[in-house]
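Report on the following structure.
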Amino acid sequence: MAQILAPSTQWKMRIAESSTYRIPTTSRMWNSSLWRQNKKKGAPTSSAKFRVLAMKSENSTINRLENLLNLDITPYTDKIIAEYIWIGGTGIDVRSKSRTLPGPVEHPSEIPKWNYDGSSTGQATGVDSEVILYPQAIFKDPFRGGDNILVICDSYTQAGEPIPTNKRHGAAEIFSHPKVAAEVPWFGIEQEYTFLQKNVKWPLGWPVGGYPGPQGPYYCGAGADKSFGRDIVDAHYKACLYAGINISGTNGEVMPGQWEYQVGPCVGIEAADHIWCSRYILERITEQAGGDWNGAGCHTNFSTKSMREDGGYEAIKKAIINLSLRHKEHISAYGEGNERRLTGKHETTNIDTFSWGVANRGCSIRVGRDTEKNGKGYLEDRRPASNMDPYVVTALLAETSILWEPTLEAEALAAQNMSLKV
């Protein structure tokens with residue numbers, strides 16, 4: 001289940017806002033203030049007075065730091081900062097480090113490969129620790145602004161072999177297959193996550209150690225007693241739009257402190273690149289807010305050219321049959337801890353049973369009413385967990401639906417069991 005650690009108060013507040021003294025104080029002012037205090041009344045005897053002066057000094061430090069962080073370097077240099085981002089050894093953690101480039105770039109091929117210590121990320125041994133980063137996708141950097149960039153990379157050995165945690169390489173092979181490329185696969189991914197209160201790791205909006213009221217008022221709710229963490233959500237939304245991520249919306253979910261954002265439609269491997277970059281940006285924002293993140297589900301909407309064209313409902317039914325026959329393979333690749341979510345309750349299907357339905361959120365695969373009515377459209381795979389690897393899930397959907405062919409006997413039996421005529 002995904003979670004984001006969040007401060008108990010609005011994350012954007014600064015120390016100055018908690019004090020009645022809001023005038024920035026330089027170190028010289030701090031010294032002279034203390035000197036005047038000593039001169040007039042002797043050494044301060046009230047610890048409260050001392051704390052007020054200390055806050056003024058700390059606020060001054062924060063202001064100076066923000067001034068440096070917001071420096072516009074473009075008038076002084078053509079150089080830019082590239083933040084190289086990759087997936088760490090757990091398969092769900094994101095890592096990054098910065099490198100200066102001589103000038104703006106427009107394509108990943110213009111960015112040099114780099115390396116990192118794989119023994120420190122659980123991806124190599126200490127005696128052969130150098131792992132090579134291959135730049136694959138570029139996004140604008142919403143934290144540094146200007147021409148600075150975020151660079152999604154994947155990881156390889158010195159010999160050019162993808163390391164075991166590099167799932168992008170295999171996905172790229174599937175999406176470059178002529179049959180898959182001809183079908184122009186579209187994906188729309190719904191990333192759910194939950195805010196946690198700072199230090200106590202309990203959902204935001206929940207009484208610590210207790211539980212909130214029943215579901216009902218929280219989904220897409222508004223108000224201080226229904227919506228929790230909206231500032232971080234909006235900051236993330238705008239940062240993703242700035243970066244060039246194809247984020248298409250966001251909403252509060254059914255549980256207090258739980259949110260969702262959607263990325264797509266994206267073509268092929270682009271969907272996973274955009275999800276991973278959006279996750280990195282969320283990590284960075286909660287880093288500033290004081291936290292971490294984790295989630296609930298990651299429903300994945302999928303269509304092919306054949307599904308989107310007239311008569312596409314037949315292609316959708318064929319894909320559903322294929323997905324039913326590879327249910328175990330998909331479940332095993334759809335994220336860790338999914339058995340705690342796919343219980344058959346709370347709009348989920350049972351993890352051991354494949355099912356499909358029109359407008360049914362308790363199924364493995366949901367088909368929308370409009371898709372049924374129009375005879376074409378898309379399907380929604382509701383099985384992936386929020387910690388799923390989008391490279392794995394999108395590639396597997398494309399492989400099963402487009403490339404994989406069951407036996408005629410297996411296909412006929414599956415169609416009969418699910419009352420599908422193809």
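What you see is a predicted model, and the numbers here were worked out from it, not measured in a lab. Hydrogens, waters and symmetry mates are skipped; everything else that's a heavy atom, side chains included, is used.
Here the SG atom belonging to C298 is positioned 12.0 Å from the CZ atom belonging to R382, to the nearest 0.5 angstrom. Residue L403 holds its CG atom at 7.0 Å from CD1 of I174, rounded to the nearest 0.5 Å. To the nearest 0.5 Å, atoms CD1 (I111) and OH (Y84) are separated by 6.0 Å.
In this structure a side-chain-to-backbone donor-acceptor pair under 3.5 Å is present from S248 to G264. A donor-acceptor pair is defined here as one N or O able to donate and one able to accept, closer than 3.5 Å; such a pair exists between the side chain of R308 and the backbone of S303. Remark: the backbone N or O of S386 is paired with a side-chain donor or acceptor of Q191 at under 3.5 angstrom. Not a single donor-acceptor pair under 3.5 Å links the side chain of Q288 to the backbone N or O of I285. Proximity of a side-chain donor or acceptor of N322 to a complementary backbone N or O of W404 within less than 3.5 Å is detected. Here the side chain of E372 pairs no donor or acceptor atom with the backbone of G368 at under 3.5 angstrom. Judged by distance alone, with hydrogens and angles left aside, the side-chain atoms of S176 form a donor-acceptor pair with the main-chain N or O of A172 at under 3.5 Å. Side-chain atoms of E190 do not come within 3.5 Å of backbone N or O of H299 as any donor-acceptor pair. A donor-acceptor pair under 3.5 Å links the side-chain atoms of K167 to the main chain of P164, judged by distance alone. The backbone N or O of I245 sits nowhere less than 3.5 Å from a side-chain atom of H274 that would complete a donor-acceptor pair.
Looking at S98 and R144, their side chains do bring a donor and an acceptor atom within 3.5 Å of each other. Of the N and O atoms on the side chains of Y116 and S129, not one donor lies less than 3.5 Å from an acceptor on the other residue. For the residue pair N166/Y391, the side-chain donor-acceptor check at 3.5 Å is not satisfied. With hydrogens and angles left out, the side-chain atoms of E260 and Y193 include no donor and acceptor closer than 3.5 Å.
The number of heavy-atom neighbours closer than 6.0 Å to CG of D78, taken from other residues, nucleotides and ligands shown, is 12 or below. By the 6.0 Å contact criterion, NZ on K79 is open, its count of non-hydrogen atoms from other residues, nucleotides or ligands being 12 or less.
The shortest side-chain heavy-atom distance between Y261 and N251 does not fall under the 4.5 Å cut-off. Annotation: side chain of S364 is not in contact with side chain of D381 (no heavy-atom distance under 4.5 Å). In this structure, the side chains of P265 and F187 stay at 4.5 Å or more apart for every pair of heavy atoms. The shortest distance between side-chain heavy atoms of L396 and H330 falls below 4.5 Å. Inter-residue side-chain proximity for R230 and W259 is flagged as met; some heavy-atom pair is nearer than 4.5 Å. Counting heavy atoms from C-beta outward, L150 and K140 have side chains that stay 4.5 Å or more apart. Contact of the E411 side chain with the P406 side chain is registered, since non-hydrogen atoms from C-beta on lie closer than 4.5 Å. Counting heavy atoms from C-beta outward, D141 and D147 have side chains that stay 4.5 Å or more apart.
The shortest non-hydrogen separation linking C277 to F139 is SG-CD1, 3.5 Å. Nearest heavy-atom pair, K305 versus A182, reported as atom, atom and distance to 0.1 Å: CD-O, 3.9 Å. For the pair I81 and N148, the tightest heavy-atom approach, listed with the atom from each and the gap, is N-OD1, 2.6 Å. The minimum heavy-atom distance between E183 and S306, with the atom names listed, is OE2-OG, 2.7 Å. Considering all non-hydrogen atoms of both residues, G357 and C363 come closest at N-SG, 3.6 Å. Contact between V180 and A398 at its shortest, heavy atoms only, is CG1-CB, 4.2 Å.
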- Query: Between Y211 and W206, does a ring pair (Phe, Tyr, Trp, His ring centres under 6.0 Å) hold up when you go through it step by step?
  - Reply: CA-CA 6 Å; Y211 297 90; W206 293 35; 5.7 Å; yes
- Message: side chain to side chain donor-acceptor pair (under 3.5 Å) for D154 and Q136? Distances and angles first, verdict last.
- Response: CA-CA 7 Å; D154 55 357; Q136 300 291 0; 2.9 Å; yes
- Does the side chain to side chain donor-acceptor pair (under 3.5 Å) test come out yes or no for T90 and D93, once each step is laid out? CA-CA 6 Å; T90 66; D93 59 315; 2.5 Å; yes
- Task: Take R95 and T121, measure what side chain to side chain donor-acceptor pair (under 3.5 Å) needs, and give me the verdict at the end.
- Result: CA-CA 8 Å; R95 309 289 181 120; T121 62; 5.5 Å; no
- Could you please spell out the steps behind the side chain to side chain contact (heavy atoms under 4.5 Å, CB included) verdict for I189 and N301? CA-CA 6 Å; I189 301 176; N301 301 278; over 6 Å; no
- Message: For L379 and W356: C-alpha separation, side-chain torsions, deciding distance, then whether side chain to side chain contact (heavy atoms under 4.5 Å, CB included) applies.
- Response: CA-CA 10 Å; L379 61 83; W356 82 283; over 6 Å; no
- Task: Tell me, with the steps shown, if W186 and F302 meet ring pair (Phe, Tyr, Trp, His ring centres under 6.0 Å).
- Result: CA-CA 6 Å; W186 288 4; F302 168 66; over 10 Å; no
- Message: Under the criterion side chain to side chain contact (heavy atoms under 4.5 Å, CB included), I'd like the reasoning laid out for L101 against E110: C-alpha separation, chi angles, the key distance, then a yes or no.
- Response: CA-CA 10 Å; L101 301 184; E110 302 175 60; over 6 Å; no
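In this pair, Y280 and F143 present their aromatic rings perpendicular. The plane angle is above 60°, beyond the 30 to 60° band. Using bins of under 30°, 30° to 60° and over 60° for the plane-to-plane angle, the ring pair H327/F354 lands in the perpendicular bin.
The pair K376-E314 fails the salt-bridge criterion, with no side-chain N (NZ, NE, NH1 or NH2) lying under 4.0 Å from an Asp/Glu carboxylate O. Between K97 and E83, no side-chain nitrogen of the basic residue sits less than 4.0 Å from a carboxylate oxygen of the acidic one, so the salt-bridge criterion is not met.
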